[in-house]
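Contents: one structure, followed by commentary.
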Protein chains: 2
Amino acid sequence: MTASRLSDASASPLEGHLAIREVPAVFIEALKARFGERCSTVASVREQHGRDESPFTQVPPPAAVVFAESTEDVVDTVRLAAAHRVPVIPYGAGSSLEGHLLAVQGGISLDLGRMARILAVHADDMTITVQPGVARTAVNRALEGKGLFFPVDPGADASIGGMCATRASGTNAVRYGTMRENVLALEVVMASGEVIRTGTRATKSSAGYDLTRLFVGSEGTLGVITEITLNLHPLPDAVGAATCSFTGIAAAVRTAMSIIQAGVPIARCELLDTHSVRMVNAHSRLQLPEQPMLLMEFHGSASDVEDQARSAEALATEEGGEAFAWATTPEARTRLWTARHNAYFAAIHAYPGCRVISTDTCVPISRLADCLLESAAEAEASGLPHYLLGHVGDGNFHFGYLIDPDSAADWGVAETLNKALVHRALSLGGTCSGEHGIGLHKMGFLREEAGDGAIAVMRAIKQALDPLDIMNPGKIFTLGA
Amino acid sequence: MTASRLSDASASPLEGHLAIREVPAVFIEALKARFGERCSTVASVREQHGRDESPFTQVPPPAAVVFAESTEDVVDTVRLAAAHRVPVIPYGAGSSLEGHLLAVQGGISLDLGRMARILAVHADDMTITVQPGVARTAVNRALEGKGLFFPVDPGADASIGGMCATRASGTNAVRYGTMRENVLALEVVMASGEVIRTGTRATKSSAGYDLTRLFVGSEGTLGVITEITLNLHPLPDAVGAATCSFTGIAAAVRTAMSIIQAGVPIARCELLDTHSVRMVNAHSRLQLPEQPMLLMEFHGSASDVEDQARSAEALATEEGGEAFAWATTPEARTRLWTARHNAYFAAIHAYPGCRVISTDTCVPISRLADCLLESAAEAEASGLPHYLLGHVGDGNFHFGYLIDPDSAADWGVAETLNKALVHRALSLGGTCSGEHGIGLHKMGFLREEAGDGAIAVMRAIKQALDPLDIMNPGKIFTLGA
């Protein structure tokens, strides 16, 4: 946290974001007295907690990392931080794409990865209660043999706490919803250190303000989530996964739109452009045709799956799609979806040293082609390495622009593309962020999308619940300007 | 609003709720200058707007009623009210069961019933945008011929604005969700008079705090909802409705639990006890067997509907249920469901002069029998006329206790039953309100359910967004104590 690091950082697009607050030595001493070795000031530990998968690489790391093992640990950390007005940045799996974990105002990282217990499985009610550090794949491992699954699946093996904080979704959202629909109840440590509970295990409720959904998507700025109760879903009787290749993106996108508009209850409907397919083939040793592709999955009874697939195939054929290639075994299916989930890492490996600026617009389904095709042409024309992936059944897609984070020129091209895309999405009734959150990177876009009035409401809520602005400050919006 | 009215009221369980604020004559004059005849101080108009379907009958009416025709009308009303610190109570269809519309702190009623335009139907995106005074049945009329429907259906023909405000649900929630899941975007007039927009027409978003879901269920205490964009659903290819009678409530409830736990994607799963069936028969000229009954509906392809019904019937048979009686024509189906929706009015007509205290607990499905059966026995033993209806697929059910609102004894018996039921539901991991909201009547229960910490968070949000406490004050919680 030296002056030289700060001046390095100001050369990047972080300018204006950094407002490092002082972390008093007496505070760190108090943490060490309370937590012993579970409070680390080792440089490598701090560095690891001071970055994420966002393109921002030049922010000074947090002053310390506390490894919490219980709600009481979180309470004590937050109380101490409040007493010294030090920012607290909750840390799950480190897979944020939007800079959520960066200590742009200094402070400490609160690592919740050791709070990774499954607290209760209520199979008869289709609910599970977990600690925030539990990974999404661990939830499904805990459900093996119970006929149930948890559908929300962002690309990374994110923590459930982090997925709550960013209102994550993934490939199953088109049928099963996002974290917004799949979180029933929370335990939250507020900025005062007070512990509250929101929601119950009942599937619906009209009991007062929907605090659960206020914390889901609050990106650590309103409190630390320390316990989560999730909705589960019955495993479908039958599952069919298929790929379908097209000669161009337009035909693939139009097929996805038709499938949704025809009311086919497709479980997953993913677009990969040629760049994505090429990277995925290389990274996951697959031999998918290097053309734009839809990767689909159908859930239901055996006859239902057949009906859905037949409807989708007919719509694809109308657009010139090739015959469906079926992944008939669970192993083949898992291989395909794992490859899809690893697409981001495939890209990172294809361009060593590069970072990804990921777009995240989501538009009403009828506007998907309008939004996506022009942006794809712009990306192609820019010359910047990029790929396109989409949860197109939701109207949500991601361009990944691969940039050298030290190159102002790369930043400039990527941001120009990003801005044009976001403006297009907003003009079509869409949003700048479908599932990654606002973090650092999309604050300006949020302002355009929501308007000053709605931002003022968000700020008023933040100030009411965190008057010292210690909970992950400088994310979503800043309180200063 | 005389002293005698106030002292009348204090004889009812409203004691402690009433804190009438002064409404300055100059404020009423300003409203009349702005709105002319659309600001009424006629006694009958005020009386009509000062009550709802709750059992509270002795609250003084609002000082005036403003009939808004536009967002600008709402803005000007709220601005004037803010200037004079006068409470504003938004009014839709008047069908609240929990006292939401009563002027317990004085003030004016803001009738939104004339803001009843359908603003846009986007069939390709499965969304509709409406003004708050549009009735739920009017939404579905606007969708005729488009292959789409809006599923949320509380008993009354409520306004969409009111349904947002109470986070309403109804008979379809088990499959299609509640207002929580089916509202995409809002326009809201804040307590300052500022107009904000929340959400977009995209199906999902991670763009900042989920203000949409904060306003959904805020019961008019945070702002006035002036525009709503709703999610729609494709009309199913096939629909099958069936009734099944049982010798006792227990068998009917166990059947509902089994259907949900088996993962049957039933669209509607309603319980009626013998009292309900009897009242419904009399009110709607039906000849249903006067026994506990499940009223079910299945949506899907023709084969799917058959599969679902066969599964449900097998589970019912295991519990001694009779063979399904099918409503084969759309007319017969509509007749059954209309009768079910009118059950509340059937009860009111069966006991002239009585008011209904409606319970609204919702519990995890595995606890439904534990919660419901003991309470049914207690209600039976109390001697108070009552009936039982349930959205049992959600774990949500309503006892209606029919009371003479002037009888302290009736109030006492009903409240004792209600309290025992709520405590039972909370101890089983449930909520005191599944769909009616808190209003006046369940404030104490909310406190028990949510705890002081969560209530403090709700209050802090209210104070931040409505510092003068003019938006429907004294509902959900009070700011005084």
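The figures here come from the full heavy-atom set of this structure, side chains too, leaving out hydrogens, waters and symmetry mates.
The parts of A:Ile438 that come within reach of chain B are both its backbone and its side chain, each placing non-hydrogen atoms under 4.5 angstrom from that chain. Of the atoms belonging to A:Met179, not a single heavy atom falls under 4.5 Å from chain B. At a 4.5 Å heavy-atom cutoff, the contact between B:Ala450 and chain A is made by backbone atoms alone. For chain B, the nearby part of A:Asp304 is the side chain; its heavy atoms alone come within less than 4.5 Å. Both the backbone and the side chain of A:Val457 come within less than 4.5 Å of a heavy atom of chain B. Heavy atoms closer than 4.5 Å to chain A are found in both the backbone and the side chain of B:Ile260. At a 4.5 Å heavy-atom cutoff, the contact between B:Met190 and chain A is made by side-chain atoms alone. Residue A:His233 does not touch chain B at all, counting heavy-atom pairs closer than 4.5 Å. Proximity to chain B is absent for every atom of A:Leu426, based on heavy atoms less than 4.5 angstrom apart. Contact annotation for A:Phe477: only side-chain heavy atoms (C-beta onward) come within less than 4.5 Å of a heavy atom of chain B. When heavy atoms are compared at a cutoff of 4.5 Å, A:Met126 approaches chain B solely by way of its side chain, counted from C-beta outward. When heavy atoms are compared at a cutoff of 4.5 Å, B:His122 does not approach chain A at all. If you measure heavy-atom distances from A:Ile365 to chain B, the contacts under 4.5 Å come from both the backbone and the side chain. Interface remark: B:Glu194 contributes side-chain atoms only to the contact with chain A (heavy atom separation under 4.5 Å).
Expressed to the nearest 0.5 Å, how far CG of A:Leu214 lies from CE of B:Met458 amounts to 10.5 Å. Taken to the nearest 0.5 Å, the CD1 atom of B:Ile461 stands 5.5 Å off from the CD1 atom of A:Ile461. Note: A:Thr431 OG1 to B:Leu184 CG = 11.5 Å, rounded to the nearest 0.5 Å.
Between A:Asp210 and B:Arg213 there is no salt bridge, since no side-chain N of the basic residue sits under 4.0 Å from a carboxylate O of the acidic one.
When every heavy atom of A:Gly430 is checked against every heavy atom of B:Ala202, the shortest pair comes out as CA-CB, 4.2 Å. Across all their heavy atoms, A:Ser366 and B:Asp124 have their closest contact at CB-CB, 3.6 Å. Between A:Gly208 and B:Ile476 the shortest heavy-atom distance is CA-CG2, 4.0 Å.
For the residue pair A:Thr178/B:Lys204, the side-chain donor-acceptor check at 3.5 Å is not satisfied.
The candidate from A:Thr166, A:Leu222, A:Asp360 with the greatest count of non-hydrogen atom pairs under 4.5 Å with chain B is A:Leu222. Comparing B:Ser169, B:Ala168, B:Ser301 by how many heavy-atom pairs each has under 4.5 Å with chain A, the most go to B:Ser169. Counting heavy-atom pairs closer than 4.5 Å to chain B, the top-ranked of the candidates A:Cys432, A:Cys362, A:Gly263 is A:Cys362. Here A:Thr221 is the residue among A:Thr221, A:Asp307, A:Val195 with the most heavy-atom pairs under 4.5 Å with chain B. Ranking A:Pro364, A:Ala460, A:Pro234 against chain B, the residue ahead of the rest is A:Pro364, based on heavy-atom pairs under 4.5 Å. When A:Ile455, A:Ile196, A:Leu235 are compared by the number of non-hydrogen pairs under 4.5 Å with chain B, A:Ile196 comes out ahead. Between chain A and the options B:Ala456, B:Gly395, B:Ala454, heavy-atom pairs under 4.5 Å are most frequent for B:Ala454. When B:Val363, B:Leu465, B:Asp452 are compared by the number of non-hydrogen pairs under 4.5 Å with chain A, B:Leu465 comes out ahead. Here B:Gly434 is the residue among B:Ala464, B:Gly434, B:Gly429 with the most heavy-atom pairs under 4.5 Å with chain A.
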>> Test side chain to side chain contact (heavy atoms under 4.5 Å, CB included) on B:Ser205 and A:Glu449; report intermediate values, then the result.
In response: CA-CA 11 Å; B:Ser205 173; A:Glu449 174 177 331; 4.3 Å; yes
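Of the possible polar contacts, one joining the B:Ser206 side chain to the A:Arg167 backbone as a donor-acceptor pair under 3.5 Å is found.
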